[in-house]
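Let me begin by presenting the structure, written as structure tokens, before commenting on it.
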Amino acid sequence: MSTGLLLHPLTLHVPPPTSTSNGPPQPFSTAGNHHRHILSLSETCTSMSQLKQLHAFTLRTTFPDETATLFLYGRILQLSSFFFDVSYAFRVFDSIHQESHSSFMWNTLIRACAHDVSRKEEALLLYRKMLGRGKSAPDKHTFPFVLKACAYIFGLSEGKQVHCHVVKHGLSGDVYVNNGLIHLYGSCGCLDLAQKVFNDMPERSLVSWNSMVDALVRAGEYDSALELFRQMQRSFEPDGYTMQSVLSACAGLGSLSLGTWAHAFLLRRCDFDVAMDVLIKNSLIEMYCKCGSLKMGEQVFKGMRKRDLASWNAMILGLATHGRADEALGCFDRMVGKEENVKPNSVTFVAVLTACNHRGMVKKGRQYFDMMVRDYAIKPALEHYGCIIDLAARAGYITEAIDMVTSMPMKPDAVIWRSLLDACCKKGASVQLSEEIATRLIETREDNQSSSGAYVLLSRVYASASRWNDVGIVRKLMTEHGIRKEPGCSSIEINGISHEFFAGDTSHPQTKQIYEHLKVIDDKLRSVGYLPDCSQAPLVDSNNDGSKEYSLRLHSERLAIAFGLISLPPRTPIRVFKNLRVCSDCHEVTKLISKVFNTEIIVRDRVRFHHFKDGSCSCSDYW
DNA sequence: CTAGGGTTAG
């Protein structure tokens, strides 16, 4: 046989066989310590084809003892998963006698599955098999992989069982295992369990802290996440993973001052490789856009040497949510154009459709929806239908929107019913239709939006039809079901201090001034020809005292803008965050106010509200 | 005798 099978560069690293230091290598069947050579070859193996040659040698070689053979097979398994050839690993594993499967082999295979997106379930299956065979017990290496697989499929009940096994095997003190548990509970939304594991750990690493910070961010506990970040710095230097979570927390709070601080922090302290750098920059774009600084978001985006799909998605979405639909669509064109040639995914189209939605561009929205299906073969998800249905309904094409709901292949969720009902309410659809939709919305049992939920919207429908009896019934139902109407809410951040405004709210210390200024704004708007559109904003009896006002007048973001115009020096950009979705008319009004008062005003939606205990939060409180 | 943990947009 020829050893020419093993090609350069592998052959370069073969230690000379002791028996034949000169001349051609001997056939492997005779020499007693050839297995050592194969073993050392396995250390320099650089590709799957080399590994296969090695495997072939192994099959032809007689090994001095069983242990040595199994050790080598373990290596081969390890290498095939290192080269991402999991099916080869499976074949090797299956070729080994069941009795001889070692913990190492099981672990290697489970790990290979846990790292492969399409094999997460297989990882759990293997683990179950491993337990069932009873030959090799799981150890501290097994659990982190199994837990990762559980986390990925959100298998909370499976994960809890694995947690029991961890305890049973006396591994509840292992730092790797515990990190896996934190990650699992964090991804499944069990914050208290994640916290408990974290608290009870005898030893913590940087990964433990990062996983816990991440769990808090996922749960929307941004404040606590930042507090933990502060604590962790007493023992660890943050890395890229940490900063990614910290940036998400800042984005979630909508706090530009915190976000800017985090940006400065990472410029000063952190050093990443290129892959991490792209990830961090993407988080920066998202953070700046969510905090209302589209300018900084764009700056980061433009300054990137390398961009990936997520960078484009973040930028398009940022432009879209700021109502800059044309630029968002332009960005999309550039992305798919010849020069950049990045293939969009389903998230890209959510961003593109959001751009159309925020500007009420019905036709364009439909075009992009069709383009997604036709040109990119992307199957529309619920979110895409949500965008396009909302778009149609808001523009008054309620029948068409309902047709889309009935023809789409999946079950509509509460968001879709709500946007239909909202449109019915604003466009004065028939009471019967509105009632039907409200019923469906309530049936989903997901309707927990107190300010624009089924009951509130339905009572508005009855009110605009002057069916006061029914309004009373709905009100009573709301009380019985314990649903409290919460007013719309906006916030504005000034010098690191956040101020909140509720529609109709009078609790701010400068209320009198704010309302006076609101009147100034409205008068100015009227003087340039703007009149609140009654069909968009029906008369509502929001105070339940017979005093009807345009709901537009009560919009909380207008209070916030009024406050901004009073307390900021002229021409300072004003950033307002709204808890409800910003719609096209809101962008219009804001644009008009910006023009009339010569100030840049940015309104951003869907930022989670951060309730400061003392009503304020400054940068220095945190760091 | 081998080894291991944490990222992604609505």
Side-chain angles (χ1 to χ4, degrees), chain A residues 36 39 42-43 67-68 70-79 81-82 102-112 114-115 139-148 151-152 171 174-184 186-187 194 201 203-215 217-218 236 238-248 251 272 275-283 285-287 289-290 308-318 320-321 344-355 357 381-387 390 415 581 605-606:
Chain A
R36 285 189 197 283
L39 203 58
S42 75
E43 267 157 33
T67 335
L70 293 177
F71 184 81
L72 186 56
Y73 274 106
R75 260 281 156 69
I76 292 173
L77 271 174
Q78 192 185 19
L79 283 165
S81 62
F82 179 78
S102 64
S103 291
F104 180 78
M105 292 174 186
W106 284 106
N107 292 349
T108 306
L109 209 55
I110 291 173
R111 177 171 114 101
H115 284 267
D139 58 19
K140 61 177 183 167
H141 294 290
T142 321
F143 290 113
F145 312 137
V146 177
L147 290 169
K148 187 195 168 87
Y152 186 85
L171 290 166
D174 185 85
V175 61
Y176 287 86
V177 175
N178 280 318
N179 293 345
L181 285 168
I182 295 171
H183 176 62
L184 165 81
S187 352
M201 285 174 86
E203 178 203 346
R204 289 178 196 146
S205 66
L206 175 61
V207 178
S208 322
W209 288 90
N210 284 351
S211 306
M212 194 59 227
V213 172
D214 180 63
V217 172
R218 276 170 199 254
F236 289 97
D239 66 357
Y241 290 105
T242 327
M243 292 319 289
Q244 158 120 352
S245 301
V246 167
L247 288 172
S248 299
F272 317 114
M276 196 73 217
D277 192 55
V278 173
L279 223 71
I280 289 285
K281 295 239 165 87
N282 293 348
S283 299
I285 297 172
E286 197 196 323
M287 180 278 290
C289 290
K290 283 197 175 162
D308 65 3
L309 177 61
S311 323
W312 289 96
N313 290 352
M315 195 65 252
I316 296 172
L317 191 67
T321 49
N345 67 357
S346 96
V347 179
T348 318
F349 280 96
V350 173
V352 166
L353 294 173
T354 303
N357 201 349
L382 191 63
E383 291 85 348
H384 301 108
Y385 283 107
C387 279
D390 189 54
V415 179
R581 194 209 284 247
D605 66 355
R606 290 188 187 184

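By convention in this document, chain letters (A, B, ...) are assigned in the order of the sequence lines, proteins followed by strands, and residues within each chain are numbered from 1. Worth knowing before you read on, the calculation uses all heavy atoms, side chains too, and leaves out hydrogens, waters and symmetry mates.
- To the nearest angstrom, C1' of B:dT2 lies 13 Å from CD1 of A:Ile76.
- A donor-acceptor contact shorter than 3.5 Å is absent between the side chain of A:His384 and the backbone of A:Phe349.
- For A:Lys290 and B:dG10, the shortest distance from a side-chain N or O to OP1 or OP2 is below 4.0 Å.
- Residue A:Ile316 contributes atom CD1, which lies 13 Å from atom P of B:dG10 at whole-angstrom precision.
- Nucleic acid contact for A:Asp239: base, since at least one base atom lies under 4.0 Å from a heavy atom of the residue.
- The side chain of A:Arg218 contributes an N or O atom lying less than 4.0 Å from OP1 or OP2 of B:dT8.
- Distances were taken from every side-chain heavy atom of A:Val177 (C-beta onward) to each of B:dT2, B:dG4, B:dT8; the shortest belongs to B:dG4.
- In this structure, A:Phe145 reaches the sugar-phosphate backbone alone: every heavy-atom distance under 4.0 Å involves primed, P, OP1 or OP2 atoms, never a base.
- Within 4.0 Å of A:His141, counting heavy atoms only, lies at least one base atom of the nucleic acid.
- Residue-level contact check: A:Lys148 touches the backbone only, with heavy atoms under 4.0 Å from sugar-phosphate atoms and none from bases.
- The nearest whole Å value for the distance from the CE atom in A:Met276 to the P atom in B:dT8 is 10 Å.
- If you check B:dA3, B:dC1, B:dG4 against the side chain of A:Phe71, the one that comes closest is B:dC1.
- The interatomic distance linking A:Leu147 (CG) with B:dG4 (P) rounds to 17 Å, in whole Å.
- Heavy atoms of A:Thr348 sit nowhere under 4.0 angstrom from any nucleic acid atom.
- Here A:Leu317 lies in heavy-atom contact (under 4.0 Å) with sugar-phosphate atoms only.
- The CG-P distance, from A:Leu109 to B:dA3, rounds to 18 Å in whole Å.
- Residue A:Asn282 is classed as having no contact, given no heavy-atom separation below 4.0 Å to the nucleic acid.
- Contacts of A:Ala314 with the nucleic acid, taken as non-hydrogen atoms under 4.0 Å apart, are absent.
- Side chains of A:Asp139 and A:Thr142: a donor on one and an acceptor on the other come within 3.5 Å.
- Inspection of the A:Asp214 and A:Ser211 side chains reveals no N or O donor paired with an N or O acceptor under 3.5 Å.
- What separates CD of A:Glu203 from P of B:dG4 is a distance of 17 Å, to the nearest Å.
- A:Tyr73 places its OH atom 21 Å from the P atom of B:dA3, with the value rounded to the nearest Å.
- Out of B:dA9, B:dT2, B:dG4, the shortest distance to the side chain of A:Asp174 is found at B:dG4.
- Counting non-hydrogen atoms under 4.0 angstrom, A:Asn107 reaches a base of the nucleic acid.
- In summary, the side chains of A:Ser205 and A:Ser208 do present a donor paired with an acceptor at a separation below 3.5 Å, with no hydrogens or angles considered.
- The CD atom of A:Gln244 sits 9 Å away from the P atom of B:dA9 (whole-angstrom rounding).
- A donor N or O paired with an acceptor N or O is not found under 3.5 Å between the base of B:dG10 and the side-chain atoms of A:Asn345.
- Heavy atoms of A:Glu286 sit under 4.0 angstrom from primed sugar atoms or phosphate atoms, though from no base atom.
- The structure places CG of A:Leu247 at 5.5 Å from CE of A:Met243, a figure rounded to the nearest 0.5 Å.
- For the atom pair A:Leu317 CG and A:Asn313 CG, the distance stands at 8.0 Å (nearest 0.5 Å).
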